[in-house]
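Have a look at the structure that comes next, please.
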Amino acid sequence: MTKVKERKSMRDEVLHGLTGPQKSLPSKYFYDERGSKLFDEITELEEYYPTRTERDILKQNVEEIGCHLGDEVILIEPGSGSSDKTRILLKGLNNIAGYIPIDISGDYLFSVASELQKAFPEITIEPLQADYTHSIDLPDSLPEGRKVVFFPGSTIGNFKRDTVDRFLSVVADIVGREGAFLIGVDLKKEVEVLLAAYNDSKGVTAAFNKNILRHINRELGTDFDPDLFDHKAIWNEEENRIEMHLVCKEDHEVEVNGTCITFREGECIHTENSHKYTLEEFGEIVSPWFEVKKVWTDEKDWFSLQYLEPK
Ligand code: AVI
């Protein structure tokens, strides 16, 4: 039943995106099994600085982060995936009473959670399968503690402004008056550095971008040929974001659920936004809900980890 519902909404979203004036596809469809593996490969690339930079910031400041979080912490991580960066906190801190990883993909979530429970038996680990962009009902059986949402990776950069606002209000709701928010935010920097990060020399980001078409083919039975598209990543100065596109190499048509979509040579499908902020801009965005209390950065000021408290 659930699967049928998911398929219908994917079909609707794909059709909606491909029949608008600017063709687009939702970036969440990068992430099937192959897409998640390609993303993991991206995070290991020399040019893709965010992951290793954020990891280093966490490692170098773990004690100070712990002091800000308080004595008995319930760590809540929306979109937890492999919980990779969280391990740095779980290992380095002794004030985490509970950890709630939240992810839409259940199998992976539950297997990561049970592995973590073995590694950290003293921490109550309660995985929650949910779409975190909407409101989240936390389990009743949580230990006492201060609720802290952890959202690393600068995933917030992939959200459009209305989604950012909705997400911030969901987080404010979850943590309540006494809680806190620890978030990774990628910062503005030289355009060459940004372009290299999204146009890597090994072509992994290109494969990741084109994978969205393979994923849609498999789920919806469409016949997109990924080889008829080139990867393109550009810096949009006005919108302060990297944009990823798929550029059509020759005129052709693809049928999506009975609707014929025409592609012209040179036409683009917009597949992802990755916004970059200054510290001031980000402080302004969160200001209706949160106050930025502490910011940790790397020595080049490329990436920030920010500790926020509700207003
Ligand atoms: C998941 N997200 C923060 C990545 C980013 O940098 O915007 C996704 C990504 N797209 C291309 N490379 C990485």
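These values consider heavy atoms only, across backbone and side chains, with no hydrogens, waters or symmetry-generated copies. For ligands, and for the atoms within them, numbers begin at 1 and follow the listed sequence.
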- Does ligand 1 have an atom under 4.0 Å from some heavy atom of Ser154? yes

- Using a strict cut-off of 4.0 Å, indicate which atoms of ligand 1 neighbour a heavy atom of Gly153.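 Atoms satisfying the 4.0 Å criterion: 3 (C).
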
- A student checking ligand 1 against Tyr48 at a 4.0 Å heavy-atom cut-off should list atoms 4 (C), 5 (C), 6 (O), 12 (N), 13 (C)

- Per-atom contacts of ligand 1 with Phe208, taking only distances under 4.0 Å to non-hydrogen atoms: 10 (N), 11 (C)

- Item | Contact atoms of ligand 1, heavy-atom distance to Ser274 under 4.0 Å | 5 (C), 6 (O), 7 (O)

- Message: Between Tyr29 and Glu219, is the side-chain hydrogen bond (donor to acceptor under 3.5 Å, both in side chains) condition met? List the steps.
- Response: CA-CA 10 Å; Tyr29 294 131; Glu219 291 291 325; over 6 Å; no

- ring-ring contact (aromatic ring centres under 6.0 Å, His included) partner of Phe167, the single match among Phe151, Phe290, Trp289: Phe151

- Query: Which residue and non-hydrogen atom of the protein lie closest to atom 2 (N) of ligand 1, and at what distance in Å?
  - Reply: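 Of the protein heavy atoms, Asn158 OD1, 2.9 Å lies nearest.
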
- Within-4.5 Å side-chain heavy-atom neighbours: Glu281 and Asn240: yes

- Query: Are any non-hydrogen side-chain atoms of Lys311 and Ser287 less than 4.5 angstrom apart?
  - Reply: yes

- Are Val171 and Leu168 close enough that some pair of their side-chain heavy atoms sits under 4.5 Å apart? no

- Query: Could an N or O of ligand 1 be found under 3.5 Å from any N or O of Tyr31, whether backbone or side chain?
  - Reply: no

- May I ask you to check whether Tyr198 has an N/O atom sitting below 3.5 Å from an N/O atom of ligand 1?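 Right, the criterion is met.
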
- Would you mind checking which non-hydrogen protein atom is closest to atom 8 (C) of ligand 1, with the distance to 0.1 Å? Glu272 OE2, 3.3 Å

- Message: Between Ser83 and Tyr99, do the side chains contain a donor N or O and an acceptor N or O under 3.5 Å apart?
- Response: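 Looking only at side-chain atoms, Ser83 and Tyr99 do form a donor-acceptor pair, the distance falling under 3.5 Å.
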
- Item | Ser154 (side chain) donor-acceptor with Asp186 (main chain) under 3.5 angstrom | yes

